[in-house]
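Report on the structure given below.
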Amino acid sequence: MSQIGAGSLPPLDITRAPEGGEIGPIQSGWRLAVREFAQNKLAVLGLGILIFFVVFSFVGPVFYHGNYLTSNLIATNLPPGAGNPLGTSNQGYDELALLMKGGQAALEVGFFSAAIAITLGALVGAISGLAGGIVDAVLMRIVDVFLSIPFLFIVLIVAVRYGASVLSLSLLIGAFSWLVPARLVRGEVLTLKVRDFVSAARVAGSGQGRLISRHLLPNAFGLMIVNVTFQVADAILYIAALGFLGFGLHWPNQDWGDLLSNGVSYIQDGYWWQVYPVGACIVLVVIACNLIGDALRDSLDVRLRRR
Amino acid sequence: MIGYILRRIGTSIVILIGVSIFIFGLLHAIYPSPAIDVLGSRANTVLIQAWNKQNGFDEPWLEQYLRYVGNLLRGNLGWSYKLNQSVASLFGEVWQRSAWLSGAALVLSVVIAVPLGVYQAVRRNTVGDYVATSLAFIVYAMPVFFLGLILINVFALDLHWFGFEASQSNSLLSIIVDVHDMTLPIVTLTLLTIASYSRYMRSSAMDVLAQDYIKVARAKGLPERLVLLRHLLRNACLPMVTLIGLSIPYLLAGNLITETLFNYRGLGLLFYTALGNVDYNVLLAYTLIGAVLTIIGNLIADIALTVADPRIRLA
């Protein structure tokens, strides 16, 4: 029997175990999680990629002034070279400047819509889990209804009419992606609300609102932050799809999907610089978010912690 | 068992009603009346009002909804004012093509992802596992159209192995035998689906590998091949049933983009054209059909799971 336990349990560290009245060094769960995260090389790589793209998109334009506004018909489809490090588009725009511009849109939509989705989802999930009964049943049926709707179709239909700005697209994508966080938070609240500290808070006179905001949501925070990273990745893919299909941001705002769909027309001519750099940007940012999300999930999940 | 299935069907019907009200209400709020499309942009308000009255677009929202649902139940999906044809006949012309593309991709992905996931779980943390996991991770992060573009660039434009455009034929049979033109669209959709399925299959197979009954099977001396085939594979496939049901909206979205990229005249491309010229009834009908497919897919997955897994015995 001892063999089964040997693999999964670390040997008891007697020297570090606090004795009698002594208290060992206090380490918050968050600090442990950060340490676990920092030890994960892939996660640090993901974070590095994401920071690079934030700097590239938002700080880059301060130092690099490429032309992305006025079409220049003498300089169309130039290959990478002096003056245009990544070549020019079919209208003579500088590809590198377009990449920065598109990166701003993608990251903004990604983070805004994830913030909307998680806020809405956490509220619905917490209310549903705490209230139970008929409220829970109705809210969860609404979630079921939304989950059965082909998401991209509805987003496309609404985007054709209203989609034009970063804000409207974020609202739109956020409004249709709060369902998974709502279910996750509800599940977490269901297990948390029977714990002793919640009963203690209730006995101490906390109202429902205080229970949710001070006790339940902070404890579900780890779960939410993991979900946010995946939401950002999904939102970036969605806005790229909208842009590619031609129903994304309106000119002069551009996102990476727009650039790709422009480049498609010229792929037969071998203008690789109009397609591959921007494709690589999308893939790298999404991979970075997924890596961070996976690592956060591992580092916040106590059961998976190696120690 | 029967009680559970009946209750599950009941929930599905409630969700279906909710979905139809939501989709109809949303589209109605965005495009209240197709009068302008029919009468032309220079029609005056009197004409528009008369047309709305004549075609029932001035009635209360709920009445229009009930009439629409009544028509749906009789198989009438509405009229496409842009293409001047009934929506049902438009869908009838092209649905088989979409079914072939999506069906072939779905079957291929399951056939490939299941053994791949099992292989990765059994040989986990070896070079093969790392390569497969990394590839799946990259493809998972890739937009469909970018994946398709790479395939077109490499296999159609550079190597000339396959066509860069999907088959344009009208007969389903000639589309099925047209391997030259249909390979890339099907492979695009398949790779995308494999990337997400194999991740789940790998973790599901790893969960099963840790179960006691696998240890028992090995301890009693069963050959490893039989352990994997009889005990691991069957149990690890159970979550896949749910996953396939849940992934229908993603399949539909992938289908839409793949058909647009490869100019394949199926339901997805029809929807895309309808978006461009705001063909209200086509948009409404296809979104509803997508929702119905999703709900039915989830229902079948749930029922299949209770039949296949004897541990789930709900009252």
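Every chain is numbered from 1, with letters handed out A, B, ... down the list of sequences. Computed from a predicted structure; not experimentally measured. As a basis for the values below, the full set of heavy atoms in this structure was taken, side chains included, without hydrogen atoms, waters or symmetry mates.
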Problem set entry | Approximate separation, where rounding is to 0.5 Å, of A/Phe153 CZ and B/Ile289 CD1 | 10.0 Å
Seminar exercise, completed: Interface check, chain A: of B/Leu261, B/Ile150, B/Asn298, most non-hydrogen pairs under 4.5 Å belong to B/Ile150
Exercise. Does the side chain of A/Leu152 come within less than 4.5 Å of B/Phe271's, by heavy atoms?
Worked result: no
Exercise. Counting a contact as any heavy-atom pair under 4.5 Å apart, which residues of residues 21-28 of chain B contact chain A?
Worked result: B/Phe22, B/Ile23, B/Leu26, B/Leu27
For this session: Give a yes or no on this: more than 12 heavy atoms of other residues, nucleotides or ligands lie within 6.0 Å of atom CG of B/Leu6.
Result: yes
Problem set entry | Under 4.5 Å from any heavy atom of chain A - which part of B/Leu157 | side chain
Exercise. So which bits of residues 230-243 of chain A come within less than 4.5 Å of chain B, counting non-hydrogen atoms only?
Worked result: A/Leu237, A/Tyr238, A/Ala240, A/Ala241
For this session: Sort B/Tyr250 into side chain, backbone, both or neither according to what part of it lies under 4.5 angstrom from a heavy atom of chain A.
Result: side chain
Exercise. Any side-chain heavy-atom pair from B/Phe146 and A/Tyr276 closer than 4.5 angstrom?
Worked result: yes
Exercise. To the nearest 0.5 Å, how far apart are CG in B/Leu284 and CD1 in A/Ile157?
Worked result: 7.5 Å
Exercise. Nearest 0.5 Å, what's the CG-CD1 distance between A/Leu156 and B/Ile257?
Worked result: 7.5 Å
Seminar exercise, completed: In this structure, CD1 of B/Ile138 is separated from CD1 of A/Ile287 (nearest 0.5 Å) by 5.0 Å
Problem set entry | Any side-chain heavy-atom pair of B/Phe137 and A/Leu291 under 4.5 Å | yes
For this session: Take atom CZ of B/Phe91 as the centre, draw a 6.0 Å sphere, and report whether it contains more than 12 heavy atoms from other residues, nucleotides or ligands.
Result: yes
Seminar exercise, completed: In this structure, OG of A/Ser148 is separated from CD1 of B/Ile295 (nearest 0.5 Å) by 4.5 Å
Exercise. Is any side-chain heavy atom of A/Leu245 closer than 4.5 Å to a side-chain heavy atom of B/Phe145?
Worked result: no
Seminar exercise, completed: Heaviest contributor of heavy-atom pairs below 4.5 Å to chain A, chosen from B/Ala156, B/Pro249, B/Gly290, B/Ala291, is B/Ala291
